[in-house]
Amino acid sequence: MDPQKNTEDEIRAAMPALYPRLWRYALSLTTRRDWAEDLAQTTCLRAIEKSENFESGTHIDRWMFRMMHNLWINEVRKQKVRTGTGLVAVEDVGLVDEKPNSEANIFTTEVLSAVGALPEAQRMCVMLTYVEGYSYQETADILDIPVGTIMSRLSNARRKLAYLKENGS
Amino acid sequence: MNTDRTFSDDDLTAFLDGEAGKTLADDIENALATDPKLTTRLENLTVPLDSLRHAFDAQLASAPPVPNLFATNQIALPQTIVGRKGFWPGLGVGLVAGVTGAASLLNAVQPTQKSDGWLDVVANYQMLYVPETLDPPRRSTPGGNDRTQGYAADLASLSDVIGTNIEDLYRVNGLTFHRAQLLGFRGKPLIQVAYSLPDGTPIAICIVPSDTAEKSPRAQVLQGMAASDWTTGSHGVLVIGGEDQGIVNDIAQTVMPLI
């Protein structure tokens, strides 16, 4: 059987569970729903195109997160930055539940805004480590940076996010 | 001993995350028993991670559906741009519904070559096409005249947008028509008409407004694909796809009188 077909099938099979997570990470990178969808879809197309590079039986999720990261850093972000569009308030992203402002909803908004306000490098680490649950080493592999850099970015991020515990604990 | 100075914030972060080695973790544990400053520092690095995860997990429910390109035995670009606010206002709803995620992908794909002109951007996008990317061809079928008329109407609407008549692009000898899309490049409309050759090779004809003086077709290779571009004095046109320059040149000659 064609090995590329095998890996392509493996990628397809993983998508229903993986795609929402990819989109969520894309949203954290781009801070915009439309761009996030663009990036997630482009990543999927690229994954199909490069399926022969995927090593069967290894972690598809990490492979695709890395692919998305590289796509964002090397190709897409430059163009998006040229458009001059900056960060968008989390309310404008349209992800906040618009039901009456319960305390929990207010806190969710606060959390999303706080993470969204982090510098991109810290935000990537927070998303991959704290939201996606990757270890330092796995996050370092995805971002292609040393583990020490992950630690440093996370400690900086923690200092900025620490105020949340007053409401979240 | 002032153990507070012994540990960096990175150390404490690793400790909080369960990533500190055993020796470091033991040292911090021991120091915490006697050093209130260290306890304060640790508290200042403490984040409600469960709440944070919960907030982001709630986002998953808002995720768009998995693109169609992952449907079994089918690769087709999803229609994500449908209804996007502010995108080419004034277009009819039906026409907007015909614009697919490809438009947004075009904006997403950054040209890798030195020039960032529209030819390279289109080439970067076109290189992602595989035969399965295109929907089943939109052929005229018995009893399917309404559909055919619908595609012609789409091309007529796109003609208004691009400022030149492209209605005849529905039928190009040797090519199977798949769809016409409104894309955008630097604030200007860009029409992509997607076809396939009999062997399935994707071919695209792209048109942008351009005030460049009229130029004859120029054969070139873009991103490894055969291409031919020319300008009419009011528009730039690109034919691109596959590796057979002869076929692309022939298509260019066929299409020139149609635009």
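Convention: sequence-line order gives letters A, B, ...; per-chain numbering from 1. As the structure is a prediction and not an experimental result, all values here were calculated from the model.
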Would you please test A:Leu112 and B:Gln59 for side-chain contact (heavy atoms from CB on, under 4.5 Å) and show each step?
CA-CA 10 Å; A:Leu112 297 177; B:Gln59 282 190 339; 3.7 Å; yes
side-chain contact (heavy atoms from CB on, under 4.5 Å) between A:Leu18 and B:Val66, worked out
CA-CA 9 Å; A:Leu18 182 54; B:Val66 178; over 6 Å; no
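Here B:Leu60 contributes atom CG and A:Arg24 contributes atom CZ; the two are 4.0 Å apart, rounded to the nearest 0.5 Å. Between the OG1 atom in B:Thr13 and the CD1 atom in A:Ile150 there is a gap of 12.5 Å [rounded to 0.5 Å].
Every residue two or more places apart in sequence or in another chain was checked for a ring pair (Phe, Tyr, Trp, His ring centres under 6.0 Å) with A:Tyr130, and none qualifies.
Heavy-atom minimum distance, B:Pro65 versus A:Tyr19: O-CE2, 3.5 Å. Shown here for A:Met151 and B:Ala14, the closest heavy-atom pair between the two residues is CE-CB, 3.8 Å. Between B:Asp9 and A:Ser155, the closest heavy-atom pair is O-CB, 3.6 Å.
Chain A forms more heavy-atom pairs under 4.5 Å with one residue of B:Thr46, B:Asp11, B:Asn44 than with any other, namely B:Thr46. In terms of heavy-atom pairs under 4.5 angstrom with chain B, the leader among A:Met127, A:Gln137, A:Arg21 is A:Met127.
Side-chain atoms of B:Glu19 come within 3.5 Å of backbone atoms of A:Tyr136 as a donor-acceptor pair (strictly under, hydrogens ignored).
For a residue to count as touching a neighbouring chain, one of its non-hydrogen atoms must lie under 4.5 Å from one of that chain's; by this rule A:Val147 does not touch chain B. Both the backbone and the side chain of B:Leu45 come within less than 4.5 Å of a heavy atom in chain A. For A:Arg153, no part sits under 4.5 Å from any heavy atom of chain B, backbone or side chain. Both the backbone and the side chain of B:Asp57 come within contact range of chain A, judged by heavy atoms closer than 4.5 Å.
In this structure, A:Arg158 pairs ionically with B:Asp17, as a charged nitrogen and a carboxylate oxygen lie closer than 4.0 Å.
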